[in-house]
**Student:** 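Below is the structure I would like to discuss, written out as structure tokens.
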Amino acid sequence: MKCLSLTPSSPRLPLPQSPIQQRHINFPMPTHQSPNLGRQYTGAAPGALYSAPLDLRESHNPNAIGHPDSKDVKDDERPATDLQQHSVLAAQSGITRQQLINSPCPICGDKISGFHYGIFSCESCKGFFKRTVQNKKNYVCMRGSTCTVSTSTRKKCPACRFDKCLCMGMKLEVKLR
DNA sequence: CTTCAAGGCCAC
DNA sequence: GTGGCCTTGAAG
Ligand SMILES: [Zn+2]
Ligand SMILES: [Zn+2]
């Protein structure tokens, strides 16, 4: 079993997910000690997909640059330091950091708080991954790794949550892929 | 100075 | 165990 290879190549599916999010990137896992840890999130959601809100903000006005003295720059505040280091991300994905952060967490669908362990995720999934990895937890699913992971169910099965973390590309060392 | 992310903290 | 918030230190 592998991850759900949900690629935007399917013109059918509406795909209520993030604009672009990293998916399964065969994890090297330097600290890979368990031979049976080769499990991957199967995305086993029995006919139940997420209901991601997907708030794609930052839709700048296509034109409206006429008046030099018009102060309608109220879209998103950015005092001074704006064009900074999201260049890499923005360049490769063609999307701004703001847009990425306004997408739902690829693991549980919660609000993304930032870039954590290789992917954009919410604060809770970041903490969960940290705990799981640092304490070398070995969660085992009681239901055949078919659990749905969402904000309301993420506490139910840490095994499936961790599977999904890995599947979505979380890793300890962001460097050295 | 600034922002970012890893890890720590700790009430729940 | 969970997750929101904080501190740290690196990078710009
Ligand atoms: Zn999450
Ligand atoms: Zn499970």
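Chain letters run A, B, ... following the sequence lines, proteins first, then strands; residues in each count from 1. Every heavy atom of this structure was used, including side-chain atoms; hydrogens, water molecules and symmetry mates were not. What you see is a predicted model; the values in this text were computed from it and never measured.
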**Student:** Between the side chain of T153(A) and the main-chain N/O of T148(A), is any donor-acceptor distance below 3.5 Å?
**Tutor:** yes

**Student:** Nearest whole Å is fine: how far is dT2(C) P from F128(A) CZ?
**Tutor:** 6 Å

**Student:** What's the shortest heavy-atom distance between I112(A) and I101(A), and which atoms?
**Tutor:** CB-O, 3.5 Å

**Student:** Kindly say whether, by distance alone, the side chain of R131(A) makes a donor-acceptor pair under 3.5 Å with the base of dG3(C)?
**Tutor:** yes

**Student:** Name every donor-acceptor pair, under 3.5 Å, that has one atom in a side chain of residues 114-123 of chain A and the other anywhere in the protein, sequence neighbours excluded.
**Tutor:**
{"residue": "H116(A)", "atom": "NE2", "partner": "S113(A)", "partner atom": "OG", "Å": "2.8"}
{"residue": "E123(A)", "atom": "OE1", "partner": "S113(A)", "partner atom": "OG", "Å": "2.9"}
{"residue": "E123(A)", "atom": "OE2", "partner": "K126(A)", "partner atom": "NZ", "Å": "3.1"}

**Student:** Do any N or O atoms from the side chain of S103(A) and from the backbone of Q99(A) form a donor-acceptor pair under 3.5 angstrom?
**Tutor:** yes

**Student:** Counting only side-chain nitrogens and oxygens, does R154(A) get under 4.0 Å of the OP1 or OP2 atom of dG3(C)?
**Tutor:** yes

**Student:** Whole angstroms only, please: what is the CZ-C1' distance between F129(A) and dG1(C)?
**Tutor:** 17 Å

**Student:** Give me each pair satisfying salt bridge (charged side-chain N to carboxylate O under 4.0 Å, His left out) with a member in residues 146-156 of chain A, each pair once, sequence neighbours excluded.
**Tutor:** D110(A)-R154(A)

**Student:** What is the distance, to the nearest angstrom, from the CD1 atom on I112(A) to the P atom on dG3(C)?
**Tutor:** 16 Å

**Student:** State the NZ-OG distance between K111(A) and S124(A), to the nearest 0.5 angstrom.
**Tutor:** 13.5 Å

**Student:** Return the value, rounded to whole Å, for the distance between atom CZ of F120(A) and atom C1' of dA5(B).
**Tutor:** 11 Å

**Student:** dA10(C) C1' sits how many Å from F115(A) CZ, rounded?
**Tutor:** 16 Å

**Student:** Using a cut-off of under 3.5 Å, enumerate the N/O to N/O pairs linking the protein to nucleotides 7-12 of chain B.
**Tutor:**
{"residue": "dG7(B)", "atom": "OP2", "partner": "Y117(A)", "partner atom": "OH", "Å": "3.2"}
{"residue": "dG7(B)", "atom": "O6", "partner": "K126(A)", "partner atom": "NZ", "Å": "2.5"}
{"residue": "dG8(B)", "atom": "N7", "partner": "K130(A)", "partner atom": "NZ", "Å": "2.8"}
{"residue": "dG8(B)", "atom": "O6", "partner": "K130(A)", "partner atom": "NZ", "Å": "3.4"}

**Student:** Taking it one step at a time, do R161(A) and S150(A) satisfy side chain to side chain donor-acceptor pair (under 3.5 Å)?
**Tutor:** CA-CA 9 Å; R161(A) 189 182 188 181; S150(A) 68; over 6 Å; no

**Student:** Can you measure N135(A) atom CG to dT2(C) atom P for me and round it to whole angstrom units?
**Tutor:** 11 Å

**Student:** Let me know the distance between CD of E173(A) and C1' of dA5(B), rounded to the nearest Å.
**Tutor:** 15 Å

**Student:** Output yes when at least one side-chain N/O atom of K155(A) is less than 4.0 Å from OP1 or OP2 of dG3(C), else no.
**Tutor:** yes

**Student:** Grab the CZ-C1' distance between R97(A) and dT3(B) for me, whole Å please.
**Tutor:** 8 Å

